[in-house]
Amino acid sequence: MFRISNQMIYGQSLSGINSKLSILTELNLQSSTQKRVNRPSDDPTATVNILDHRDTLRSFDQYLENVSTAKGWLQQSDSTLLQVSTILSRTKELAEQGATGTLSAANRQQVSYEVRQLFEQLIGLANTKYQGKSIYAGHKTDENAFSEVLWMTTNDATLSDPATNTFTIEGASKTTVLVQYTHPTAATGSSVPMDTCGVRYSIDGGATFRTDGTVTLQPNGSVKVDLPGSGTAITFANNTNVKVNSPTNTNDTNGSWLWLRPTAQYKGDDMDQDKTTVTGIGNNANLIGASSVGAYKTNALVRIDNTAPVKMNERINYSYSMDNGLTWVTGNTVAPDASSNATMLNLTGGGVLHLTSNGTNLLTPGSQYLIKPNTAAIELRVNVSEAVRINDVGKDIFGGVYQDSARVRSNGGERLVLSSSNASAVFDATSTNFYASNGGVATKNLFEMMGNLIAFLETNNQHGIQQSLESLKLVQSQVLTATASVGARENRLIITQNVLENLKVNENEQLSAQEDVDLATLMSQLSMQQTAYQAVLKSSSMIMQMNLMQYI
């Protein structure tokens, strides 16, 4: 037997009240949050699953945001290319008018006014931006993809062939500059050195010619043709032979003709896989000439593994990595060549690294050469293993001429100098050439086609306009192909978005099963616990009121 004291009664009553109140409070919290698990201690195993589901949902949200951004870029590009296609259709109408034999020089001049405006509009479209970023400039999104410059078309292929000669054009002109060479004694059509010739040029479509131009042989062997009345000049790297024009007949086509006309220079990045940049890393790496050819999808590292300095005409041991140095392909060697100050290192699955003497032919152990391929693609990841390219390389759609621009100072101002040595008409090397005979050369280079069409309209050249019409067909096909590519990526994004939204719904359902409370069960438990709590309070109150004084 034991005695039950008032203190025990009070303690047990308070414990019962607190227990029921604790359960009721927890159920009330679940009712407020609609969550079964509100803290890790509620269900440690479920908490791990809940955090995993939430991470997955956050990744889906990011993917969906990337899809939205990508759709914006591609929709802007789609709209732009449709406008380009409309302009090309109008250009074709004008070119067909200009190619009509009944038109006069004045009529073709009038047609050229609209074509120049269309050309300017095309440059504006090629510089289209989305949210302040150029969509056709590769990674150089903060600057325009294209700028207008002067370029040259000629009926003399030797003057525009980089293999035999290079040229630089300076200045600007609002009209096509037609240039012809003359000679005081040589017969018309004969080939003579350029520096022995005089020059005449026209800035009004060939109606009148000026003779104040000069042809000057420079100390370095180049020849500068200065055309002061046009504000332009051409410098040829070599004193190339040209064909003499008739001294009296400016329409004679037996001589060399030049048309200085507009085009656009591409200033963005490219994705030409045969172009790479090689950087030497090591004590004397900068004293070794390094270049690489081949198709690289990623950066490549080449390391010299000899234990002592080695000359290029000795056996060279090397390793290379195609994953930024994580893994290396070792055991590669180059056999000694006693007569060589150059060597070639082969990279399986990549390309070839050429090393040449450039101050020394000594390779230091551990020296490395980083090969970086050209890249221009901006990709957004829209799934764990899927990325979509959202931009396009402008030169692959619009063409133009392409090189790294060089800036020179002249008379306190800045002007752009383009040289054909590394500036070529994109897609083909023939767009600067014009042949007066039948079967002229067509090009799918949009800006070169437009430049030639302007030149031929402004100089009343019917055959040249007909040649431009052939190019227009190729250009329109090129633009349609680019539009189809953009549209295909848009459709891919729509499908991807639907898949992500379905996966998100499924993931939310799984999260809800782990985390959310069953409302029906919760309401039943709340009612039961509320009744139990009230019962405890009532019974405790009754017991507390009972004492011996009531029975005395």
Side-chain angles (χ1 to χ4, degrees), residues 59 137-141 268-393 395-396 402-404 421-422 424:
S59 68
H139 289 169
K140 298 179 180 178
T141 56
D269 299 317
D270 68 59
M271 291 194 298
D272 300 338
Q273 291 190 347
D274 59 340
K275 296 180 180 179
T276 57
T277 302
V278 182
T279 304
I281 307 170
N283 293 333
N284 70 336
N286 61 329
L287 299 178
I288 300 294
S291 62
S292 182
V293 295
Y296 295 86
K297 294 183 178 179
T298 61
N299 293 348
L301 275 171
V302 180
R303 181 183 64 203
I304 304 302
D305 289 342
N306 293 73
T307 57
V310 58
K311 295 181 179 180
M312 289 188 190
N313 57 7
E314 299 175 341
R315 180 176 296 276
I316 300 171
N317 302 321
Y318 68 96
S319 301
Y320 63 88
S321 171
M322 308 301 289
D323 56 9
N324 294 314
L326 293 177
T327 59
W328 292 83
V329 179
T330 60
N332 306 286
T333 62
V334 175
D337 183 353
S339 63
S340 176
N341 280 328
T343 191
M344 182 174 67
L345 310 183
N346 292 305
L347 284 64
T348 303
V352 176
L353 174 65
H354 293 276
L355 300 178
T356 58
S357 176
N358 187 28
T360 181
N361 69 343
L362 199 65
L363 298 174
T364 304
S367 294
Q368 296 185 23
Y369 296 88
L370 173 63
I371 305 170
K372 298 178 65 175
N374 282 13
T375 181
I378 298 176
E379 296 183 336
L380 291 181
R381 189 155 294 282
V382 295
N383 212 328
V384 176
S385 59
E386 183 182 4
V388 175
R389 179 165 57 89
I390 64 174
N391 68 334
D392 288 280
V393 177
K395 75 177 184 65
D396 293 340
Y402 175 47
Q403 74 164 56
D404 293 330
S421 59
N422 59 351
S424 59

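FYI, side chains are in, hydrogens and waters are out, and symmetry mates aren't considered; it's all heavy atoms of this structure.
In terms of modelled atom types and a separation under 3.5 Å, the side chain of Thr333 and the main chain of Ile316 share no donor-acceptor contact. In this structure, the side chain of Asn306 engages the main chain of Asn317 through a donor-acceptor pair within 3.5 Å. Between the Asn299 side chain and the Leu370 main chain, no donor and acceptor come within less than 3.5 Å of each other. Between the Tyr320 side chain and the Asn346 main chain, no donor and acceptor come within less than 3.5 Å of each other. Using modelled atom types, no side-chain atom of His354 and backbone atom of Ala290 make a donor-acceptor pair closer than 3.5 Å.
Looking at every heavy atom in both residues, Ala308 comes nearest to Pro365 through C-CG, 3.4 Å. Between Val352 and Ser292, the closest heavy-atom pair is O-OG, 2.8 Å. Smallest separation of non-hydrogen atoms from Glu379 and Arg389: CG-CA, 3.9 Å. In plain terms, the two heavy atoms of Ser319 and Gly331 that are nearest each other are OG-N, 4.4 Å. Nearest heavy atoms, Ile288 versus Leu362: CD1-O, 3.9 Å. Residues Asn324 and Ser321 approach most closely at N-OG, 3.8 Å, considering heavy atoms.
The distance from the CD atom of Gln368 to the OG1 atom of Thr279 is 12.0 Å, given to the nearest 0.5 Å. Rounded to the nearest 0.5 Å, atoms CG (Asn332) and CG (Asp305) are 8.5 Å apart. Between the OH atom of Tyr318 and the CG atom of Leu301 there is a distance of 14.0 Å, given to the nearest 0.5 Å. A distance of 7.5 Å separates CG in Leu353 from OG in Ser291, rounded to the nearest 0.5 Å.
Between Val329 and Met322, every side-chain heavy-atom pair lies at or beyond the 4.5 Å cut-off. Contact check for Tyr369 versus Leu345: no side-chain heavy atoms found under the 4.5 Å cut-off. Looking at Val388 and Leu380, their side chains never come closer than 4.5 Å, going by heavy atoms from C-beta outward.
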Working for side chain to side chain contact (heavy atoms under 4.5 Å, CB included), residues Thr141 and Asn391: CA-CA 10 Å; Thr141 56; Asn391 68 334; 5.9 Å; no

